[in-house]
Colleague: 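Just passing along the structure, written as structure tokens.
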Amino acid sequence: MAYSTKTDEKWQKIWEETGLYKFDPANVDKKLYCLEMFSYPSGANLHLGHWYNYALTDSWARLKRMQGFNVFHPQGFDSFGLPAENYAIKTGIHPKDSTYKNIETMEVQLKKMGATYDWDYEVITCDPEYYKWNQWIFLKLYEHGLAYRKKAPVNWCPSCKTVLANEQVIDGSCERCSSEVTKKDLTQWFYKITEYAQELLDCLPKLDWPEKTKKIQQNWIGRSEGAEIVFEGADGDFSFKVFTTRADTLYGVTYVVLAPENELVDRITTDEYKASVEQYRSFSKMQTEIERLSTTREKTGVFTGAYAINPVNGERVPIWIADYVLAGYGTGCVMAVPAHDERDYEFAQKYNLPIRRVIKGEEGIDDTLPFVEDGILIDSAEFSGIGSADSREGIVRKLNKQGRGEMKINFRLRDWLVSRQRYWGTPIPVIHCEHCGAVPVPEKDLPVELPYNVEFKPDGKSPLAKCEEFNNVSCPKCGKPAKRDPDTLDTFVCSSWYYLRYPDNKNSEQAFNTEWIDKLLPVDKYVGGAEHAAMHLLYARFFTKALRDMGYLHFDEPFLSLIHQGTILGPDGNRMSKSKGNTVSPDDYIKENGSDVFRMYLAFGFAYTEGGPWSDDGIKAISRFVGRVERLVAGAAELCSGSDAAAGNSSGDTACKSDTAMGSEEKELNYVRNLAIKGATEDTDRFQFNTSIARIMELVNALYKYESSGLKNKSLYLETVVDMLKLLAPFAPHLTEELWERLGKSYSIFNQSWPKWEKNALVRDEVEIVIQINGKIREKLMLPSGLDKAQTEETVMQDEKVRSLLEGMSVLKVIAVPGRLVNIVVK
RNA sequence: GCGGGAAUGGCGGAAUUGGCAGACGCGCUAGCUUCAGGUGCUAGAGCUCGCAAGGGUGUGCAGGUUCAAGUCCUGUUUCCCGCACCA
């Protein structure tokens, strides 16, 4: 019977019945935590991206298992979130019902893949048993000052009717529905990720992560060294700080600018300018993110009527407001130096504000204004003639003595806004009491369960606020009537710590047992999409560090080693999408070819981290290869059947009596065998699945060749077939388990040890040495291997053919690379 | 605008990190088997000149370093990704 889905079913059943992939909690010394980013249970079956991520990481996990690791490989569902809710709004089917149904479907699908998951450790984030601990972590963060409430202009998606995190705003549009995002003032919960900005940055270098991803995080955190400088108001009792990286240009300040949202604006605006300031403020609030972010847009702003004093020279400069100054960065105030900043220059030109040069370029440098490079100071009192870098320090030192300035480091990273005005999420465990304010729900009352009967059609109000029995409670502090926080937590909160819950998913007393997860964590290999570089992966790192500082765990980073799978494109080379009609559904292929053919094509057809366009021809090629392997093993099984294998001695790896001669053909087979072992081992380990399979194909080819050449050494042949099956096992688990059985071997191939390669077998008796003359290949010679540099050179230079090639030329130099080439430089 | 990555046959993709470019596979060509084949097997093949032996040329483009460059350096083009008024 040829390989098919029947084979898949047979072994999936046996694996389950025998508990083959159960994690052994007793043997944590050899633990290896292998994790893929868990999936959102969308309506449809597993798509290609899931397969690519999960099936191939599973191949890696299988390699590790055969190498003797006790692999912890859980799976679960990130099951809160907007799609279920949007689907509910469209169809009327409750998010809970659709979600659990989808989970069921996806579990079946995942099982059909034939992965090594231990489902005992499943985590489903919309289960109260899970989100209870989401709430608990909220309380802990709150206790430690890492969760707080503030009124802030937030990103608001008018279509989803919810606020969005900065990370969910893509080019000024909502990540989900692409509507233009506007600003809204709301009181929201934040997690204080900025507290960890420096550490999040500092730990990056030692992580085994793609450099690109580290770079993205580094940019996202955006550390910037500069100074905060105090400006006093000229007429009136106020002062404010500005942040600048260019304190050296302080003498060139001709005005200062506040963000329109800045609280100071109301206080300082003079009566004469009240109207225009108010008008401008409402104008800038109306701007969508897109309009505001447009770099081609002309800068706008208005004068407040107020003046400030430049602390370094006592000059009076006007205070403006303009929305090119961001409220959320630095102090929300900027000193404007139009001569040395492009934005200020543009603004000053438009509004006729003075432009004063205080930096000139070094000899020969074009320093046309705006000149934004470092240079030499001019017209800057005692700092004139000093370089930019030195005077930055000098000026701040001078101000510091007067208490008017200090060095300061700023981060681009903002605190993480976690409140969402949506239904399908973790209720925020806070009660708002008129008398006591925001009161955290006592731990013993967790979980705050998400009620089922809720009107969740979006209208800008949180759905939970409209649910009376949920909403109305008594204050835990004073007992008087109070109201629950009507918002739910961002779903990224769920995924920020699920990897901590997996190992201890049944714990009803704690989110996780510290001692236990200290043993199982950190995750040794984490695999998932690159799109999570700035959000999920940063949040998860923050959670780990925060929980560490609270004493709940004792490691610094959650994911030691990270890999991003590439994207599989449609056959036309475009991103798959329903509207383009270029989607490929795994199901049809699985049904026709079986899981293993599909898995192997995914492994072989692409560079894993690159991805690429889908090709049906590739599937056929693998299907053919599977046929070759089956026929080969069928022949091998027949060879065995007459011998001691059939006599019941089926547990060993050697079976048949035969000639044990090692002639050149045997050596060649053995060479390819060891090359394949080495290649498949090393390449699979580093997620280079395509080349691993290429080596195995070579081995299969070599086996055929040897078989057709007379098959003198049967035991070598059979041992090699056995090794080939083991090498193939991670990629084709069902097929190889079946063929393993057919060879009469004992269950299971996955309990076998991974083959090791012999160094000696990789050394051939003779090697081909390339002879170059002046860098051009002129001749190839077979030389005994193992010659050193001098011997190689000598042998080559004495060779007949080489001598005739060199006739009439004088040799200037000979470069010999043992085992590779000899380059003869001549004239 | 700033930052990062990539570019290799007709195609997917390799190349011990400076040492035979094109592994493995697809597609293609020729042959064999079966012959109804869309099955199986063997061989060929970067491009180009040549009947051939053989020569030339070749990793986006232009330079450079080196005995030797897909790989290192400089400049440049195109594409992808991230950030984007962050002071």
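Values below: all heavy atoms of this structure, side chains included; hydrogens, waters and symmetry mates excluded. Per chain, numbering begins at 1; letters A, B, ... match sequence-line order.
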Colleague: State whether A/Trp51 and A/Arg599 meet the cation-pi test: NZ (Lys) or CZ (Arg) under 6.0 Å from the six-membered ring centroid, and within 45° of the perpendicular axis.
Modeller: no
Colleague: Using a 4.0 Å heavy-atom cut-off across all strands, classify A/Asp344 as base, sugar-phosphate, or nothing.
Modeller: nothing
Colleague: Pick base, sugar-phosphate or nothing for A/Glu211, based on heavy-atom distances below 4.0 Å to the nucleic acid.
Modeller: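 Nothing: the residue A/Glu211, judged by heavy atoms under 4.0 Å, touches no strand.
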Colleague: For A/Asn410 and A/Arg223, which I'm curious about, is there any donor-acceptor pair between the side chains at under 3.5 Å?
Modeller: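 No, A/Arg223 and A/Asn410 have no side-chain donor paired with an acceptor closer than 3.5 Å.
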Colleague: With a 3.5 Å cut-off and just heavy-atom distances, do the side chain of A/Lys620 and the base of B/rC26 make a donor-acceptor pair?
Modeller: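 Checked by distance alone, the answer is no.
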Colleague: Taking only the side-chain heavy atoms of A/Asn690 (C-beta and beyond), determine which of B/rG13, B/rA15, B/rC24 contains the nearest atom.
Modeller: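 Given the options B/rG13, B/rA15, B/rC24, the side chain of A/Asn690 is closest to B/rG13.
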Colleague: Are side-chain N/O atoms of A/Arg541 and A/Gln217 paired as donor and acceptor at under 3.5 Å?
Modeller: yes
Colleague: Look at all strands and tell whether A/Lys776 reaches a base, only sugar-phosphate, or nothing, counting heavy atoms closer than 4.0 Å.
Modeller: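 Sugar-phosphate only.
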Colleague: Can you check whether A/Lys215 has a side-chain N or O nearer than 4.0 Å to OP1 or OP2 of B/rG3?
Modeller: no
Colleague: Roughly how far apart, to the nearest Å, are B/rU17 and B/rG13 at atom P?
Modeller: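 About 22 Å, rounded to a whole number of Å.
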Colleague: If we count only N and O atoms by modelled type, under 3.5 Å, do the side chains of A/Asp248 and A/Ser388 hold a donor and an acceptor together?
Modeller: yes
Colleague: Checking contacts here: which listed nucleotide (B/rA87, B/rC81, B/rC24) is nearest the side-chain heavy atoms of A/Met697?
Modeller: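 Per side-chain heavy atoms of A/Met697, the pick is B/rC24.
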Colleague: Going by distance alone, is a donor N or O of one side chain under 3.5 Å from an acceptor N or O of the other, for A/Glu807 and A/Ser804?
Modeller: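 On atom types as modelled, these side chains do not qualify, holding no pair under 3.5 Å.
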Colleague: Base, sugar-phosphate, or nothing for A/Phe604, non-hydrogen atoms under 4.0 angstrom?
Modeller: base
Colleague: CZ/A/Phe492 to NE2/A/His532 distance, rounded to the nearest 0.5 angstrom?
Modeller: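 Output value for this atom pair is 5.0 Å.
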Colleague: Roughly how many Å is it from CG in A/Leu204 to C1' in B/rG4, rounded to a whole number?
Modeller: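 A/Leu204 atom CG is separated from B/rG4 atom C1' by 15 Å.
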Colleague: Mind checking who B/rC83 pairs with, Watson-Crick or G-U wobble, both distances under 3.5 Å?
Modeller: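 For B/rC83, the partner nucleotide comes out as B/rG1, under the 3.5 Å rule.
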Colleague: What's the gap between B/rU76 and B/rC83 when it is taken at their C1' atoms, as a whole Å value?
Modeller: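 Result for the C1' pair: 24 Å, nearest Å.
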Colleague: Across the strands shown, which category fits A/Gln218 at heavy-atom distances under 4.0 angstrom: base, sugar-phosphate, nothing?
Modeller: nothing
Colleague: If we ignore angles and hydrogens, is there a donor and acceptor under 3.5 Å between the side chains of A/Asn582 and A/Asp572?
Modeller: yes
Colleague: How long is the line joining CD1 of A/Ile216 and C1' of B/rC83, in whole Å?
Modeller: 9 Å
Colleague: With a 4.0 Å limit, can you tell me whether A/Arg628 has a side-chain N or O closer than that to the phosphate oxygens OP1/OP2 of B/rC41?
Modeller: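 Yes, such a contact exists.
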Colleague: Take A/Asn823 and A/Arg631, find for each the nucleotide of RNA chain B with the closest heavy atom, and name the residue whose nucleotide sits nearer the 5' end.
Modeller: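 The residue closer to the strand's 5' end, by nearest nucleotide, is A/Arg631.
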Colleague: Please tell me which of A/Gly328 and A/Arg686 maps to the more 5' nucleotide of RNA chain B, matching each residue to the nucleotide holding its nearest heavy atom.
Modeller: A/Arg686
Colleague: Quick one: A/Lys780 NZ to B/rG19 P, roughly how many Å, whole number?
Modeller: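 The answer, rounded to whole Å, is 16 Å.
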Colleague: Please classify the nucleic acid contact of A/Val817 as base, sugar-phosphate, or nothing, using heavy-atom distances under 4.0 Å.
Modeller: base
Colleague: By the 4.0 Å heavy-atom rule, please label A/Gly330 as base, sugar-phosphate, or nothing.
Modeller: nothing
Colleague: Can you tell me, in whole Å, how much space there is between the C1' of B/rU34 and that of B/rG40?
Modeller: 8 Å
Colleague: Could you state the CZ-P distance from A/Arg778 to B/rG54, rounded to the nearest angstrom?
Modeller: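 Whole-Å distance recorded here is 13 Å.
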Colleague: Could you give the distance separating B/rU77 and B/rC61 at their P atoms, to the nearest angstrom?
Modeller: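 Those two atoms are separated by 15 Å.
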Colleague: When the P atoms of B/rC20 and B/rU59 are considered, how many whole Å apart are they?
Modeller: 15 Å
Colleague: Rounded to whole angstroms, how far apart are CZ on A/Arg575 and P on B/rC81?
Modeller: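 These atoms are roughly 7 Å apart.
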Colleague: Roughly, in whole Å, what's the span from CD1 in A/Ile777 to C1' in B/rU57?
Modeller: 13 Å
Colleague: For nucleotides B/rG56 and B/rA6, find the distance between their P atoms and express it as a whole number of Å.
Modeller: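 Roughly 33 Å separates the two P atoms.
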Colleague: Is the shortest side-chain N/O distance from A/Tyr704 to OP1 or OP2 of B/rC41 below 4.0 Å?
Modeller: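 For B/rC41, neither OP1 nor OP2 has a side-chain N or O of A/Tyr704 closer than 4.0 Å.
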Colleague: Mind checking if A/Gly819 touches a base, just sugar-phosphate, or nothing, with heavy atoms under 4.0 Å?
Modeller: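 Nothing: the residue A/Gly819, judged by heavy atoms under 4.0 Å, touches no strand.
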Colleague: Can you find a side chain N or O atom of A/Asn219 that sits less than 4.0 Å from OP1 or OP2 on B/rG4?
Modeller: no
Colleague: What contact category does A/Leu821 fall into here, base, sugar-phosphate, or nothing, at under 4.0 angstrom with non-hydrogen atoms?
Modeller: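 It contacts base atoms.
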Colleague: Where does B/rG31 land, syn or anti, once you apply the within-90°-of-0 test for syn?
Modeller: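 Judged by the O4'-C1' to base torsion, B/rG31 sits in anti, the angle falling more than 90° away from 0.
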Colleague: When you compare the side chains of A/Asn593 and A/Tyr601, does any donor N or O come within less than 3.5 Å of an acceptor on the partner?
Modeller: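 The criterion, which ignores hydrogens and geometry beyond distance, is not satisfied for A/Tyr601 and A/Asn593.
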Colleague: Is there a donor-acceptor contact under 3.5 Å linking the side chains of A/Thr609 and A/His564?
Modeller: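 A/His564 and A/Thr609 do not have a side-chain donor-acceptor pair below 3.5 Å.
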Colleague: On the side chain of A/Asp617, is there an atom forming a donor-acceptor pair with the base of B/rC26 - under 3.5 Å, no angle test?
Modeller: no
Colleague: So which nucleotide does B/rC61 pair with, by the Watson-Crick or G-U wobble rule with both distances under 3.5 Å?
Modeller: B/rG75
Colleague: Take atom CZ of A/Arg695 and atom C1' of B/rG25, then tell me their distance rounded to the nearest Å.
Modeller: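 It works out to 12 Å between those atoms.
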Colleague: Between the base of B/rU39 and the side chain of A/Arg624, is there any donor-acceptor pair under 3.5 Å?
Modeller: no
Colleague: When only distance counts, do a donor and an acceptor, one from the side chain of A/Lys299 and one from the base of B/rC85, lie under 3.5 Å apart?
Modeller: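 Result: at least one qualifying N/O pair found.
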Colleague: Between B/rG19 and B/rC73, how far apart are the two P atoms, rounded to whole Å?
Modeller: 15 Å
Colleague: Can you tell me if the side-chain N/O atoms of A/Arg412 get under 4.0 Å from OP1 or OP2 in B/rA84?
Modeller: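 Yes, because at least one side-chain N or O of A/Arg412 sits under 4.0 Å from OP1 or OP2 of B/rA84.
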Colleague: Counting the atoms with a prime plus P, OP1 and OP2 as sugar-phosphate, which does A/Ser224 contact under 4.0 Å by heavy atoms, base, sugar-phosphate, or nothing?
Modeller: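 It contacts sugar-phosphate atoms only.
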Colleague: In whole Å, what is the span from the CD1 atom of A/Ile221 to the C1' atom of B/rG4?
Modeller: 16 Å
Colleague: Measuring only the P atom in each nucleotide, how far is B/rC24 from B/rC72? A whole number of Å is fine.
Modeller: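 One P to the other, the span is 26 Å.
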Colleague: Please classify the nucleic acid contact of A/Ile815 as base, sugar-phosphate, or nothing, using heavy-atom distances under 4.0 Å.
Modeller: base
